[in-house]
Amino acid sequence: MGLMKAKPAAQQMRRRSSGGRIDRTKPVTFTFDGRSYQGYEGDTLASALLANNVHLLGRSFKYHRPRGIVGSGSEEPNALIRLGRGAYAEPNLRATQIELYEGLYAESQNRTPSLKFDIGAVNSLLERFFPAGFYYKTFMWPASMWMTYEHVIRRAAGLGRVADDHNDPDRYEKAHVHCDVLVAGGGAAGLMAALHAGRSGARVILADEQNEFGGWLLAENDTRIEGVDANSWIAGMVADLAAMPEVTLLPRTTVFGYMDHNYLTLVERVTDHLAERPAHLPRQRLWKVRAGQTVLAQGAHERPLVFSGNDLPGVMLAGAVRHFINRFGVLPGNRAIVVTNNDDAYRTAISLNEAGANVVVADLRIGASGPLITAAKDAGIAVMAGHAVTLADGNHRVARVEISAVNEGATQITGDTVHMDCDLIAMSGGLSPAVHLHSQARGKLAWDDRTLCFKPSATHEASFNAGACNGSFDLGAALREGARAGVKAATAAGFKAFTSIETPALDTPKQSWRPLAAWKITNGEEPGRGPKAFVDFQNDVTASDVALAAREGFQSVEHLKRYTTMGMATDQGKTSNINALAILADALGSEIPEVGTTTFRMPYTPANIGAIAARDIGHLFDPTRLTRMDEWHRANGATFEHVGQWMRAWYYPQEGETMAEAVNREVLAARTTAGLLDASTLGKIDIRGPDAAEFLNRIYTNSWLRLGIGKCRYGLMLKDDGMIMDDGVTTRLAEDHFHMTTTTGGAAGVLDWMEEWLQTEWPDLKVYLTSVTEEWSVATLSGPNAAKILEAAGIDIDLGASSFPFMSMQEAHLGGLPVRIFRISFTGELSYEINVKARHGLALWTLLMKAGTDFGITPYGTEAMHVLRAEKGFIIVGQETDGSVTPPDLNMNWIVSDVKADFIGKRALARASMSYDDRKQLVGLMTTDSQRVIPEGAHAVIDPDQPMPMEMLGQVTSSYYSPNVGASIAMAMLKGGHSMLGSKVYFPMLDGDVIEAEIVEPMFFDAKGERING
Amino acid sequence: MASHQPDRGQRGLPGGKPKYSAFAIAKKAMNYHQDWQRAWRDAAPKDEYDVVIIGGGGHGLATAYYLAAVHGMANIAVIEKGWLGGGNTGRNTTIIRSNYLWDESAAIYEHALKLWEGMTQDLNYNVMFSQRGVLTIAHSEHELREMSRRVHAIRLNGIDSEILGPAEIKKFVPTINIDQSIRYPVMGGFLQKRGGTARHDAVAWGYARAADDLGVDIIQNCEVTALRRERSKITGIETTRGFIKTPRVGCVVAGHSSVIAAMADIRLPLASRPLQALVSEPIKPILDTVIMSNAVHMYISQSDKGEMVLGAGVDKYNSYAQRGSFPVPEHMLAAAVELFPVLSRLRMLRHWGGIVDTCPDASPIISKTDVEGLYFNCGWGTGGFKATPGSGHVFADLIANDRPNKIAAPYDLNRFRTGLLIDEHGAAGVAH
Amino acid sequence: MLIINCPHCGPREESEFACGGEAHIARPLAENSISDAEFADYLFLRDNPKGLFLERWRHSAGCRRWFNIARDTVSHEIIEVYPMGALPRKKDALATHAASWRRDTAAEKAAERAAQKAQKPAQKPAQKPARQKAAAKKAPGKRGGK
Amino acid sequence: MADIMTGDAMLPGRSALAGRAGMNVAAPDGGKTGLRVQEVAHIGKINIRGTKSIAKVIWNHTGCDFPPANNMVSSAGARHIVWLGPDEALLLCEAGMERDLRRKISADLAGQHFAATNVTDALCVLKVEGPDVRAVLAKGCALDLHPGKFGPGQCAQTVLAHAGVTIIATDENCFLLICRTSFAPYTLDWLQDAALEFGFVFQG
């Protein structure tokens, strides 16, 4: 449609000559289904379309029946359209909530090829064969066909189409906000609540989903408050509130979630209503509110009446009709039928009449009387008491009705039936309080027999209900309740609020709020026959579907919802829930409160996912942590590897090198000349206190009491279940002072773990822990030339093995930089881990690279590091281990003290099952084809020809080509591996191939460890 | 497993209940659907049963069904405190797969998958089991290594699984973002084509209708208040609808297992945690498979109705409130937008929480207890729905024979005493 | 979305805290002779009550201190926050503690004996934080047990 | 607390955000820049663990209370002690003074149980100020930042978006953010993005 040439703007033939809150001086041009129309600023898309006499807006979900506008706000079930184009397109928006702006582009949905002619509508001819839940009963044979059936079903289902370009060009914001009182809903009650709470000095937020405050009052031209018309009174209230510094007014903001401890979520539509959208502003803003107290004042939703043909375009809610007439200056129809079970619809009848429509009222109540009814009659409106619309008919728009005399409850036609032509039906089935937030907050509900609705009873959170959403539909009561709730909330939040509550003088029609219980209006036929009467418009759930569900035993409300999909549409049953409940109760011969209501859950109205994600996407999704040497790695073409949040240099490919070539070169260099590794990400923890050694003794499996000052020791940390958790080298800096290193991934966890034991289990130990991971940058220099390079860089200590032995630490100056050098080795080569204050990290790295040029220094990354340690059979926690591995499994009993009374994991290791010999144990592997590298993760079997499922011994944990060995080497965790040295195992590949390998000791290079001193 | 085929017992409503079919619908339509029967009887509790199953969710109903269909028992009751399928059965994201790492897990989930295949015909109820594939994404070198380990093990267990590279993934899932510059890029993934989704409510209803057909009494709105024992032997249960005599009680009450266990002074190594999920508004199809990502705790599929179904990881503290904390879905949705930018302009329609009971080793408990005649099936954590038929099948076997079969044996409570865990957790097991 | 009142930093968002699970679990020392089964109970069994629950939390994004709270797992109401090593004061919370099966476990008994031994030399005057005073009364339970 | 901003640029070594530039965003419709961020490079930082028993020695060397009142900063001239927990605080001092100061404190506390650890290079201090500073921080921080609830002299360890930070209010519209250096680039990027609607300036 987007390409179709726009036709010239049509007349606004349904626009009244005057009245309404639209700006007639500001015409706005917009496009709907390729046709250009005109509306005014202040319109919604719905009011503007109605002004142009467009009622047909969409097709229904299941039967593709023509549908139009039913409501005037967020309760709208039918008028869903696709707004915008290209990357800006968005499906399923309610025309009643879209503010009109110049150039607005909208399309109808769920129809092919066009709205007027939709082939999907064939479903409605067959609708008799699609009762509720029909798909559970069919599409079963042949079984193989289901995927095909489903493919068709899926394409038929769904509502709108997503944007053609998937990358959302808009920005979204979110923020935390705190307030003393949050008022949800800015109608009569909400305004009063905000004003009275605000006067106490409390921090107040007033949020309303509409573009302006006032709610229903905006449409009540028959009401004067404090001597002025409703709209002026609203303006005055808003001005007073705006003047209060601690009050925040949030129009266009929906409170959609109410969670524990008064945590509420709001979405503010910041620029959706603008033709020109300032680049610096977000499209929408998510407010995450922590409120001291809340006042819930979201008003009520009018219920449709359930009669045959009630889903035709032109059949609208009476309150909505009044809204369009008085607030938007639009007359939705000239020949209107008002059908009601209560007084309120008479105000619509009067408005229609004043607007020049020809009006007939069908009142289901037989003896209804009262000022409004009298007023209507005085105005010359024909009132048919004890009558109901028993059938609405028409093609794409209601054209005629059948009105019949009915019994109380409208279950039978009791007398005459008349036919009338009409172009509008305004129906009213009474009001349902919007108890959604109250219910989300685990508040209880109670059925009220008088007003026929569920009202809030007990609240769970610090919250007050006021006005229509509390079941107080009378304006005077709503104003009083609002004021009282504002005072109560402010007081509860700790403020001194005016206790004298002013309730404004009121001049508004007196009316009864007692509707007649008439839930399903007969069409004169047997149950289930005749044209359908809809309960849930959007999901096409009819009264007979509800009855059918009950008949089949789906008698819990939840079953009804799930079986018929009633209330599961995008309006979440705002208009349909109560009617469905009542019809279900009727079918079960029980009462509504017994059938119960469903608990409402977040969100109140659908909330944009983009707004919830907001800026937590792209590079801000999660921090990327870089070392202080990172600049050099990037400048020198390193590739990087994610290690937790860190980015570590993986390898440094030179011109034209493959990864394998680069890694081999780095691995060879570290054993022939020298290699340099950025090891800054290793965790480092400063441990101080008289009990530091004793503490390490309990944390590690080996003993630490006698470690000499300046000496280093490798340690293994277990969880209390005996499984390996982390490892690293710890150095004694002084009698009461240690420097611990952990794995990169384990750093934070180990610190928390040790703090936990100190604080909770051993509070008597005098030990303080401080993370110094990022205080130091670390460069590991490894290889035969390591010492020479340090000399060349200018070192002020003697590097001789005697004065600086393996597993010791010395402080020194290197090229003038103060450093701590640890003589430890993860490669088996002569190796120095040089720690320098992080600010000098880059300087240290460049210094060593420069000093090492003549000695063949080669930077190596994490991949080469893995190969080098594997050649020596050193494990990596998290690669060889997986949370189910003990030290004995790794043949590391040597590091487990048997003299210590206790250490974390000791008792667990003593469990019988820990010494079963079928545990997975660490072994080395040499492939028969020495050049063939086994993929990591491959599983070993003894007989590769056995049938599935195969008996597996375990998996390869590390596997590389070792240029130093000149062969493929691997480590694996195999069941009973320690007793299988020398035997052959097989690794079936995913492609069916099989690799043969021999089990060996996990030590592939310099078994005697002669190279450690260079 | 590949060779093994589960014993499905009597299939397709042998009890004589009228069958569902397109023809049946057409026939009933003639009478405006006025004479459809109840899907299952609204049974009143009898004085005595041979077996009582506590819990009318998918697992409990499946257990009752297989007790009748496979083990020929008839005098069985299913006791449900609320409405059928009102617990996790109706609150999950309906993902079905069997590509687990450990042999024990692979065995039971594959057993379940085989029963899923053909369940619609077994029950004469369309559970809409849709084998659209489950694709698990890897975002780092470490995850690629884990993935390789997993896929090799799965394949040698005779279960289908294949590794896909970013380009293949893009081909299979056109809406996914494989831009390698994003924070957690799609570096690869493994796909189980036989995996997919099913209509969760239909599973409970289908089992209920078929079990009812075989004479099982399904009793809703009936809460268990106590377990009556003589010495260490079950003799019956006290309920809000009176005492029911029975020698055997099977408890399948995910979330509330600890509460029932306490009635028999039994302690289970369980923690009940909230598990949150949500759906978007329905849209025309954009995703025809299931995507899971553990690094960012997000999984997503699109229902036949058109809603995008998204789930997150479990919340961090114990709760029986069926509600979690906002940061969990908040983070999950950010992750979802990273992988599927199209979601940004969609809207969250419904959000809910279930209560899952999780074991220290992230594997279930299917076990006898110290009380004779009292059996527990719990601790499924986030893996419950996919296991439904397999869980019911082996649990029925355990109750019928009073000893676990080969598949159930590893899930005995004793593993926590011996320390022989099935550590899906420890091995960074894929959740959900 | 809980608000938790950190004993040191005051009320903060739940998201700043880490939950450490059931509180007041005595850790058996390796030298204590308890069976594998009893040890397994210590390792894996955690209370999972529907209602009041005594649990350990850590203000991980704040002061990093551990403390205990008494929280209802249904209403999510937090009725008391109290220090590691101490017992709750609120009647209901105290009753919950006393009612726990752990009070009679071999692990707890052994830990108490061990602690009494440990306390003897550790008779230092004054300057003891509350949690240690409490610990002096009873054994230091696992994770600041009691 | 103005003087603690004077990181001595003459000091050798590179600060955490050295080299970051070209991030500025003009304020909408030419208004006042909403957020200005500056790295307070090399300011001395010493993490102190201990009980009240070390208060006197700390006071001798800093003129500040140890520990300060919960969630408060104790200041004396160029030196400030930031409360981190019941037995933990962060001492801020003149750039370059940290080694000497730490040595002196340690000497005077010899024999006592305490820990004074130099973390100058481990942490990055950002000065964030401007008319919209509280609005920007509220986008990622769940604390109640209303001037009446979080005023000058108050501090808190908390989370800003996905980074752990210590926030110090130094003035109505001025804060110090302290984070680990490896989180500094993320934090800076986040601040820039969060300030787009107000305007942003970064001085390295």
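In the text below, chain A, chain B and the rest are named by the order of the sequence lines, each starting its count at 1.
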Side chain, backbone, both or neither: which part of [X] has a heavy atom under 4.5 Å from chain A?
X	value
B/Pro185	side chain
B/Ile182	neither
B/Gln322	both
B/Ala335	both
B/Asp304	both
B/Glu307	side chain
B/Glu330	both
B/Met30	both
B/Asn177	neither
B/Ser161	neither

Minimum-distance pair of heavy atoms, taken over all atoms of [X] and [Y]:
X	Y	answer
B/Ser344	A/Asn608	O-ND2, 3.7 Å
B/Ser21	A/Thr138	C-CB, 4.4 Å
B/Ser130	A/Glu150	OG-OE1, 2.7 Å
B/Gln121	A/Ala143	NE2-CB, 3.2 Å

N/O donor-acceptor pair under 3.5 Å between B/Arg347 side chain and A/Gly610 backbone: no
Whether B/Arg183 side chain and A/Phe621 backbone form a donor-acceptor pair below 3.5 Å: no
Give the member of [options] that has the highest number of heavy-atom pairs under 4.5 Å with chain A.
options	answer
B/Met147, B/Gln131, B/Glu281, B/Arg41	B/Glu281
B/Gln220, B/Glu117, B/Glu338, B/Arg350	B/Glu338
B/Ser140, B/Ala153, B/Ala29	B/Ala153
B/Gly86, B/Ala202, B/Gly90, B/Ala24	B/Gly90
B/Val279, B/Leu84, B/Leu310, B/Asn31	B/Leu84
B/Arg209, B/Arg345, B/Met348	B/Arg345

Intermediate values then yes/no, side-chain contact (heavy atoms from CB on, under 4.5 Å), A/Lys137 and B/Asn126: CA-CA 6 Å; A/Lys137 297 172 177 165; B/Asn126 189 352; over 6 Å; no
With a 4.5 Å heavy-atom cut-off, do [X] and [Y] have their side chains touching?
X	Y	answer
B/Leu420	A/Tyr916	yes
B/Arg323	A/Met602	no
B/Trp205	A/His559	yes
A/Arg562	B/His200	yes

Among the options [options], pick out the one with the most heavy-atom pairs lying under 4.5 Å from chain B.
options	value
A/Glu558, A/Glu951, A/Gln555, A/Met989	A/Glu558
A/Tyr149, A/Tyr135, A/Phe554	A/Phe554
A/Phe139, A/Phe134, A/Trp650	A/Trp650
A/Val956, A/Val885, A/Thr570	A/Thr570
A/Leu620, A/Ile612, A/Leu286	A/Ile612
A/Ala156, A/Ala607, A/Ser556, A/Ala157	A/Ala607

Residues A/Asp622, B/Tyr184; criterion side-chain contact (heavy atoms from CB on, under 4.5 Å); working and verdict: CA-CA 9 Å; A/Asp622 194 37; B/Tyr184 290 102; 2.5 Å; yes
Neighbour count above 12 (heavy atom, 6.0 Å) for B/Gln37 CD: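 For B/Gln37, atom CD is not crowded (no more than 12 foreign heavy atoms under 6.0 Å).
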B/Tyr32 six-ring centre to A/Arg128 NZ/CZ under 6.0 Å and within 45° of normal: yes
Ring-face cation contact, A/Phe61 with B/Lys305, 6.0 Å cut, 45° max: yes
Point-to-point distance, once rounded to the nearest 0.5 Å, from CD1 of A/Ile153 to CE of B/Met128: 6.5 Å
Spacing of A/Ile617 atom CD1 and B/Leu343 atom CG [to the nearest 0.5 Å]: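 So the CD1 of A/Ile617 and the CG of B/Leu343 are separated by 11.0 Å.
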Single hit among A/Asn539, A/Asn110, A/Leu159 for side chain to side chain contact (heavy atoms under 4.5 Å, CB included) with B/Pro282: A/Leu159
Between [X] and chain B, which part of the residue has a heavy atom less than 4.5 Å away: side chain, backbone, both or neither?
X	result
A/Val941	side chain
A/Tyr172	side chain
A/Ala912	neither

Donor + acceptor pair across side chains of B/Arg199, A/Tyr136 (<3.5 Å):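 Indeed, the side chains of B/Arg199 and A/Tyr136 share at least one donor-acceptor pair under 3.5 Å.
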A/His151 and B/Arg132 side chains, donor-acceptor separation under 3.5 Å: no
Is [X] salt-bridged to [Y], going by a charged N under 4.0 Å from an acidic O?
X	Y	answer
A/Arg155	B/Asp288	yes
B/Arg145	A/Glu936	yes
A/Arg551	B/Asp35	no

